[in-house]
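Here the structure is laid out as structure tokens; the discussion comes afterwards.
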There are 2 protein chains.
Amino acid sequence: MPNPPTIKEIAQRLNLAPSTVSRALHNHPRIGLKTRMQVQALARELQYEPNQTAIFFQQKKTFTLGIVLPELSEAFFSAAISGIEDTANKSNYMVLLGQSHDDTAREQKIVEIMKNHRVDGLLVSLARNTVHYAHFEMLRKYNIPVVFFDRIPDMKDIHYVASNMESGTIQAVSLLLQQGHRVIGMINGPEKLIASRQRTTGYQKAMQQQRLKYDATLNIHSDLTKEGTCQAMQQLLSHKRKITAVVAFNDYVSQDAVQYAAEQGVQINKDICFVSYANLPLSSYMAYPPLASVEQYPYLQGQKATEILLDLLSGKLAPDAYQQVVIDSKLVIAAGK
Amino acid sequence: MPNPPTIKEIAQRLNLAPSTVSRALHNHPRIGLKTRMQVQALARELQYEPNQTAIFFQQKKTFTLGIVLPELSEAFFSAAISGIEDTANKSNYMVLLGQSHDDTAREQKIVEIMKNHRVDGLLVSLARNTVHYAHFEMLRKYNIPVVFFDRIPDMKDIHYVASNMESGTIQAVSLLLQQGHRVIGMINGPEKLIASRQRTTGYQKAMQQQRLKYDATLNIHSDLTKEGTCQAMQQLLSHKRKITAVVAFNDYVSQDAVQYAAEQGVQINKDICFVSYANLPLSSYMAYPPLASVEQYPYLQGQKATEILLDLLSGKLAPDAYQQVVIDSKLVIAAGK
DNA sequence: AAAATTTGCGCAATCGTTTGTCCAGCTGTT
DNA sequence: AACAGCTGGACAAACGATTGCGCAAATTTT
């Protein structure tokens with residue numbers, strides 16, 4: 001009921017100056033052992049706890065990291081945030097959350113509010129349709145470092161952690177080739193996305209390795225909506241060459257494509273096999289789980305990005321020593337296959 | 001590069017007192033229109049922004065809500081947090097996140113840190129095995145209000161929002177009865193859980209309504225692990241009465257049970273129908289989606305809980321006017337059935 | 001025109017902690 | 001014995017904003 005004890009109170013009771021108490025609590029060597037003990041004893045007795053808001057104010061630091069990401073309901077992000085949280089907590093940082101719901105306007109607003117709340121740094125995964133980055137550039141003026149992860153902007157001079165879809169794609173396509181598939185369709189994402197381009201080059205390289213020709217008409221770009229996926233699948237099914245395998249942009253796309261194909265009378269895993277990129281943890285319950293999945297290590301990405309941000313904050317890393325970490329994706333064969 | 005402008009600076013430039021500037025910015029009526037305009041003009045010009053940490057400190061408020069929940073990767077919680085975030089943001093509150101990962105020790109630590117960060121209030125969904133609530137009781141001393149949601153403690157004098165599984169269960173069982181099922185198995189959760197007991201009474205009441213006898217041996221309590229589920233399903237399959245339908249504790253349990261039953265040669269949706277409680281958003285992709293699902297309105301729960309907390313903070317609600325909101329669950333028939 | 005009120009603004013304290021500077025007393029050196 | 005060097009601690013400013021109070025000038029009331 002009474003106000004929580006402050007340094008001043010302790011000082012009064014012991015006839016000391018507040019400064020002395022402060023230093024005593026921090027084990028400052030200039031304070032004699034006796035007084036130090038006295039102070040600490042009384043602090044314990046009164047259950048003294050420093051007022052963090054005062055400290056935040058005084059130190060111009062809040063020990064808070066802002067996280068801006070599209071959607072926690074996507075398994076990738078909820079895994080990533082665990083990596084972020086765990087790493088941040090280890091260094092006594094807390095995590096302020098904001099979901100953009102893939103809406104750029106909302107993303108801007110969140111960044112603004114987080115800036116006002118004086119977060120020490122920001123971890124960001126972009127909204128799908130964000131193409132202008134002024135709201136991030138602005139943070140430089142406030143000396144708030146930003147580390148992007150997974151969905152990173154097309155900019156120079158930024159810190160980021162992202163996975164390279166190329167390696168996983170090579171492995172995926174190679175697996176299919178090895179299994180004898182020769183006409184492999186790909187349902188890819190929007191062309192402007194880095195991740196889409198990486199899938200494309202991965203596809204190309206895997207073909208090259210086997211001295212096979214890459215057929216661009218088998219690589220369909222879609223907008224990742226359910227309609228787009230069905231349209232793409234439709235195109236693949238009516239392709240002059242008969243496809244026997246499909247690499248889908250992600251598990252959601254894969255499931256939509258599978259469903260569509262099944263409706264068209266295709267025998268899944270017989271006529272056509274599917275390989276995809278890991279998003280769903282529960283694919284084992286799926287009607288037609290993909291044959292294999294490219295793992296993108298969300299937890300690791302979150303962890304890495306946070307480590308960079310913390311190093312930036314502690315000064316261990318210079319703000320202009322731009323960290324650009326690429327994590328190779330890796331093919332994981334579905335259990336029991 | 002130069003330090004951000006402060007009220008003092010504006011005051012100096014205009015030969016005013018800081019207090020005047022502060023009031024002018026807040027449109028205090030006692031400040032003349034002319035000065036008010038001048039101040040606001042200069043503030044705009046300098047791009048003045050109040051230092052929130054200073055305000056937090058001065059006002060002893062941080063406009064931050066702490067969220068403690070078990071697992072964001074569970075769809076229920078990631079939906080709930082959206083409700084929380086949206087509601088909090090509307091009132092200019094931010095959201096500090098902490099996942100307990102169903103570990104009580106971790107839950108305690110998070111609460112401690114959040115208290116130190118001086119969150120204004122807490123929204124909590126308990127870790128599975130939390131049975132002592134000292135770390136929440138302690139918050140009373142600090143006048144930090146707590147609103148529990150979904151996984152609520154067995155305590156008096158608390159605020160909470162939870163869904164009542166009874167109504168949904170009645171509807172679920174009634175649906176099955178209506179479809180002609182007479183021997184209905186239930187894979188329930190641990191007996192000590194309120195949610196389990198509600199499912200039981202729901203089951204009983206639905207039977208009663210049709211003047212049917214409730215058979216307790218059809219209501220199996222499991223520990224919600226995969227093994228527990230299989231064991232329970234096994235028991236149901238070997239029950240002396242031949243069951244034709246199963247009500248599973250949640251979608252995860254349902255899927256495990258379905259898988260197990262299928263392995264035992266049971267024809268899903270033919271020999272046995274499944275009904276469950278909504279957790280998974282993607283059940284349409286499942287091999288055997290449940291016939292119907294009891295919706296628990298996670299977004300709404302998060303929203304409601306946050307509204308209560310905000311009312312508590314604004315004083316609109318007295319701290320001891322304990323709010324205990326129960327949201328009726330509701331059966332949703334799967335699309336296309 | 002004197003009194004009362006209102007208007008417009010400044011003064012100073014306050015929130016709790018940290019930190020640079022200063023000072024008194026003690027110790028030890030020569 | 002005089003001076004330098006430590007030791008242990010006090011003083012006060014500072015972080016940025018808010019707010020109760022006071023006071024003069026301007027305005028209204030009587």
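Predicted model only: the values in this text are computed from it and were never measured. Throughout, a chain's letter reflects where its sequence line sits, starting with A, and its residues are numbered from 1.
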Could you list the protein-to-nucleotides 19-21 of chain C atom pairs, N/O on both sides, closer than 3.5 Å?
{"residue": "C:dG20", "atom": "O6", "partner": "A:R23", "partner atom": "NH2", "Å": "2.2"}

Applied to residues 301-324 of chain A, the salt bridge (charged side-chain N to carboxylate O under 4.0 Å, His left out) test, sequence neighbours excluded, yields A:K304-A:E307, A:D311-A:K316

Here the salt bridge (charged side-chain N to carboxylate O under 4.0 Å, His left out) pairs for residues 84-99 of chain B, sequence neighbours left out, are A:R106-B:D86

Between the main-chain N or O of A:V68 and the side-chain N or O of A:E107, is there a donor-acceptor pair closer than 3.5 Å? no

Open item on the list: Under a 3.5 Å distance rule, please check whether A:S100 uses its side chain to pair with a backbone N or O of A:D102 as donor and acceptor.
Closed with: yes

How long is the line joining [atom1] of [X] and [atom2] of [N], in whole Å?
X: A:L25; N: C:dT18; atom1: CG; atom2: P; result: 8 Å
X: A:E9; N: C:dT17; atom1: CD; atom2: P; result: 10 Å
X: A:L16; N: C:dT17; atom1: CG; atom2: P; result: 15 Å

Here the side chain to side chain donor-acceptor pair (under 3.5 Å) pairs for residues 31-45 of chain A, sequence neighbours left out, are A:N27-A:Q40

Counterpart residues, side chain to side chain contact (heavy atoms under 4.5 Å, CB included), relative to [X] (two or more places apart):
X: A:L96; result: A:T64, A:M114, A:H117, A:V119, B:T64, B:M94, B:L96
X: A:N15; result: none
X: B:N129; result: B:T104, B:A127
X: A:R30; result: A:H28

Check: For atom CD of A:E49, is the number of surrounding heavy atoms from other residues, nucleotides or ligands below 6.0 Å larger than 12?
Finding: yes

For DNA chain C, the dot-bracket notation using Watson-Crick and G-U wobble pairs below 3.5 Å, [ ] for pseudoknot-type crossings and | for other-strand pairs, is ||||||||||||||||||||||||||||||

Problem set entry | Cationic tip of B:K60 above B:F57 ring, under 6.0 Å, 45° of axis | no

(request) Give one of base, sugar-phosphate or nothing for B:Y48, where a contact means two heavy atoms less than 4.0 Å apart. (result) sugar-phosphate

A:T53 meets the side chain to side chain donor-acceptor pair (under 3.5 Å) criterion, sequence neighbours left out, with A:N51

Check: protein-nucleotides 6-8 of chain C nitrogen or oxygen pairs below 3.5 Å:
{"residue": "C:dG8", "atom": "N7", "partner": "B:R30", "partner atom": "NH2", "Å": "3.2"}
{"residue": "C:dG8", "atom": "O6", "partner": "B:R30", "partner atom": "NH2", "Å": "3.1"}

By nearest-nucleotide position on DNA chain C, the 5'-leaning member of B:V21 and A:N51 is B:V21

Counting only side-chain nitrogens and oxygens, does A:K8 get under 4.0 Å of the OP1 or OP2 atom of C:dT14?
no

Can you tell me if B:K60 touches the phosphate of C:dT14, counting only side-chain N or O atoms and a distance under 4.0 Å to OP1 or OP2? no

Quick check, are the ring centers of A:Y322 and A:Y160 under 6.0 angstrom apart?
no

So the contacted stretch of DNA chain D, first to last nucleotide with an atom under 4.0 Å from a non-hydrogen atom of chain B, runs from D:dC15 to D:dC21

